[in-house]
Every structure is written in C-alpha cells, then in structure tokens.
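Atom set for the values below is all heavy atoms of this structure, side chains included, hydrogens, waters and symmetry mates excluded. None of these values were measured; they are calculated from a predicted model.
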Amino acid sequence: MSEVLKTENLKAFYILEYWGEKRVIKAVSNVNLSIKQNEIYGIAGESGCGKSTLLKALLANLDPPLQLIDGKLFYKTNCDFIDVFSLSKKEIKNLRWSFISYIPQGSMHVLNPVKKVKDSFLEILESHIKAKDIKEYFDLMREHLKDLGLSPEILEAYPHQLSGGMRQRVVIALATLLHPQVILADEPTTALDVVAQRAVIQLLKDIQETFKNTIIIVTHDMGIHAQLTTRMSIMYAGKIIEESPTQEIFKNPIHPYTKYLIQSLPKIGEKEQREGISGSPPSLISPPLGCAFHPRCPEAKPECAEEEPKLIEVSPQHKVACFPN
Ligand code: ADP
Ligand code: MG
C-alpha cells in the first residue's frame, strides 16, 4: 500500500512567555510517521502525552503558542508528495476538508448551536464546490448522509435537538462530506456511553470501507484501538515509543509502558481493581534524561537513566524504543 501522509522528525513545541520568562512545552518530538492509504491508524497514550498536538501538527495547524521547531510533513495528493510546511496559509486551507479533515477533541462544539445542521453542511459545500443551484448542494448532502446510513431528517435539526452520540455522528458526516483521503479523529468516542460509542466505531469502519480512505484516530482507550485500528503507535512524553500492527501490539507488547496500558484494560467479569503504574506522567518542560519512562518503569536498568533508546525495528513492522533485556 502506498503512503498518503508522512512526517520526518516532526517537532512542535508550545512556547509561552510569562513576565519575560520563557517556558517551552515539548509536546511533540522527533515523530516519524508513514501512514498508508486505506488504513485505520491509531495513536494511544495517557492524557497530556501530546496526541492532540500531534494531530494539530499533521493538519499543519500550528498557531501560537504552538510552533513548528523542526521536521517535515508530506501529503500525497494525486501522485506527488507535497511539502506541506512550504505552502501558503491559503494553499493549506484549500487542502482542508477536501484532502484532509479533522474531527477535533470535544467535537460537540463544532456545530454552531444557533444554526441548523444543514447550514453547517452548506457552508462547507459552498466554500469548496461550485454547484449550479442550491438544490444540487442539498442533493449532495442527502446522498452523503445516505451513504453513511444517516437519516436526511437530521439536516433540519438544531444541534441541541440531537443526542450526544448522534451529534458526534453528524460531526463525522460533516468531516467526510468532501470525501477527504485522510481523516484525523481526536478522541471521537470519549464522553459517549457504550451504545453511542459502538455506533461511532461502526460509522468510522463503514466510512473507511466505503471510501477506502485513511483514518488516523487518537484515543487513550486501548479497547477502541483493539476494535478499530489496523496499525498503531504508543506515545509517551511527546514521542512515539512503540509502533506495530495492532494485533501484534496486543499479542507481543515490548515496551514496559505498552505492557502497562494493555494490562490496565478492564477484563469482563473481573471484580478487583487493577493495579496502576506508580508515579505520574513526566513534565514536558523538563522531561527525565535518558528514557522518559525510566522513573516509572518496573524494568528500568542503569543505562535507561543515561541514554535515550532510539525507536528501532525489532521485527518486521514492529518498532520499539527500549533497550533489550
Ligand atoms: P493529549 O492530547 O495526549 O492529552 P496534548 O497534545 O493536548 O496531549 O498536550 C500535550 C502537552 O501540551 C500538555 O503538557 C499540555 O498541557 C500542553 N498543551 C496543550 N495545549 C496547549 C496550549 N494551547 N498551550 C500550552 N500548552 C498546551
Ligand atoms: Mg487530547
């Protein structure tokens, strides 16, 4: 399968100034991704590890205080790789919705509360497609909702008239309206009940199967990754520490942090509370030297505090940043 999006040593930091004092939050460091056409790729990790920031960088949405420090981002549109950071703001804007689209975290707030759903859909269509009349726009909307198995009646609703789960599906329908090749979804199932979560997962699966596009999904919930993604990576302190096909990650996790994330998944019928890992996520202002996970790692060796392990391929398609035992 060919690549559709790739990054080279992507580095994006928040740079804040308080009364003349500079604070640098190293939210995304040295990320190398190679995302293929027609795959659902997952990004996991605890809250605050940089997942949402990485998606913002993949969208080339780098507004202060977030700054691109280093690295490159490429989109493959038609047959060519485009160096995205060399484009003008206007050129990047043109690629949004049509080539790449984004379902932000807390996307309940994406829809304008005082507008009907159809008005949000119309706004996007009008800004990207020249139709001969308004009817053509409405035909496109209805056809798209039909493709997604959603009722066209929702077009007449105001956001507050829809349940949380339905609102989330409407936001997904909106993000896929122009059939983008890449969809970035940030925690699309968080804050939903189990039934609504299942509907959202099914919708994302259906979209991928129908349009053969690429979905990059961020969620801290390893259970969602197990159900939905084909390949995934685990982030810790702004870096990718393990990447592999999802099945392989669950069968053969190598990084102690990945093992912890998998072990902490609740199992059916289990009554006892699972043991958490000690300590808290590291500061992204001054992360620990060596491997950022070493202060919490049950398998840490002296070298882990001194040297940072590189992300290397240990078996085909399986990369890990951890010193071998
Ligand atoms: P995640 O999505 O994995 O929870 P984020 O990418 O949201 O992580 O955050 C990574 C780090 O960047 C955190 O330390 C967070 O506090 C910081 N951060 C996120 N957004 C901002 C912002 N707008 N300004 C300053 N720091 C931010
Ligand atoms: Mg987030």
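Under the 3.5 Å distance criterion, the side-chain polar atoms of Thr210 are matched with a main-chain donor or acceptor of Asp206. A donor-acceptor pair under 3.5 Å links the side-chain atoms of Thr214 to the main chain of Asn38, judged by distance alone. One N or O on the side chain of His225 and one on the backbone of Thr219 form a donor-acceptor pair closer than 3.5 Å. Under the 3.5 Å distance criterion, the side-chain polar atoms of Glu136 are matched with a main-chain donor or acceptor of Lys132. Checked by atom type and distance alone, the side chain of Tyr236 never pairs as donor or acceptor with a backbone atom of Pro281 at under 3.5 Å. In this structure, the side chain of Lys239 does not engage the main chain of Ala321 through any donor-acceptor pair within 3.5 Å. Proximity of a side-chain donor or acceptor of Lys51 to a complementary backbone N or O of Gly45 within less than 3.5 Å is detected. Of the possible donor and acceptor atoms, none in the side chain of Asn78 sits under 3.5 Å from a partner among the backbone N and O of Asp80. Of the possible polar contacts, none joining the Arg23 side chain to the Tyr14 backbone as a donor-acceptor pair under 3.5 Å is found. No donor-acceptor pair under 3.5 Å is formed between the side chain of Glu187 and the backbone N or O of Gly106.
No more than 12 heavy-atom neighbours from other residues, nucleotides or ligands sit within 6.0 angstrom of CG on Leu289. For NZ of Lys76, the number of neighbouring non-hydrogen atoms (other residues, nucleotides, ligands) closer than 6.0 Å is greater than 12. Counting non-hydrogen atoms of neighbouring residues, nucleotides and ligands closer than 6.0 angstrom, the NZ atom of Lys93 reaches no more than 12 such neighbours. Atom CD of Glu153 has 12 or fewer heavy atoms from other residues, nucleotides or ligands within 6.0 Å. For CD of Gln247, the number of neighbouring non-hydrogen atoms (other residues, nucleotides, ligands) closer than 6.0 Å is 12 at most. Other residues, nucleotides and ligands contribute over 12 non-hydrogen atoms within 6.0 Å of the NZ atom of Lys212.
In summary, of the residues considered (Leu58, Leu54, Asn30), a side chain to side chain contact (heavy atoms under 4.5 Å, CB included) with Thr7 occurs for Leu58 alone. Partner of Ile215 under the side chain to side chain contact (heavy atoms under 4.5 Å, CB included) criterion, chosen from Thr229, Val182, Ile183, Thr230: Ile183. When each of Thr189, Ile103, Leu203 is tested with Gln168 by the rule side chain to side chain contact (heavy atoms under 4.5 Å, CB included), just one qualifies, namely Ile103.
For the pair Lys6 and Phe81, the distance from NZ or CZ to the six-membered ring centre is under 6.0 Å and the angle to the ring normal is within 45 degrees.
When all heavy atoms are compared, the tightest approach of Ile92 to Val84 is CD1-O, 3.8 Å. Taking each heavy atom of Glu3 and Ser34 in turn, the nearest pair found is OE2-OG, 2.7 Å. Taking all atoms of both residues into account, the shortest heavy-atom contact from Met141 to Leu155 is SD-CD2, 3.8 Å. Nearest heavy atom pair, residue Ala27 against residue Leu284, reads CA-CD1, 4.1 Å. Closest heavy-atom contact between Leu111 and Arg167: CD1-CG, 4.2 Å. Residues Phe121 and Leu177 come closest through the heavy atom pair O-CD2, 3.7 Å.
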Check against side-chain hydrogen bond (donor to acceptor under 3.5 Å, both in side chains), His144 and Thr176
CA-CA 9 Å; His144 181 62; Thr176 51; 3.1 Å; yes
Apply the test side-chain hydrogen bond (donor to acceptor under 3.5 Å, both in side chains) to residues Asn9 and Asn32: give CA-CA distance (whole Å), side-chain angles for both, the deciding distance (0.1 Å), then the verdict.
CA-CA 5 Å; Asn9 295 321; Asn32 289 291; 3.2 Å; yes
Test salt bridge (Lys or Arg N to Asp or Glu O under 4.0 Å) on Asp139 and Arg142 and set out the steps.
CA-CA 5 Å; Asp139 288 346; Arg142 287 200 200 91; 3.7 Å; yes
Walk me through whether Phe138 and Leu125 qualify under side chain to side chain contact (heavy atoms under 4.5 Å, CB included).
CA-CA 10 Å; Phe138 276 93; Leu125 285 174; over 6 Å; no
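Distance check: Ile100 CD1 to Asn213 CG gives 11.5 Å after rounding to the nearest 0.5 Å. A distance of 9.5 Å separates CZ of Arg96 from CG of Leu184, quoted to the nearest 0.5 Å. For the atom pair Glu306 CD and His294 NE2, the distance stands at 9.0 Å (nearest 0.5 Å).
In this structure, a donor-acceptor pair under 3.5 Å is present between the side chains of Tyr257 and Glu46.
When side chains are defined from C-beta on, Cys322 counts as touching Pro256, because their heavy atoms get closer than 4.5 Å.
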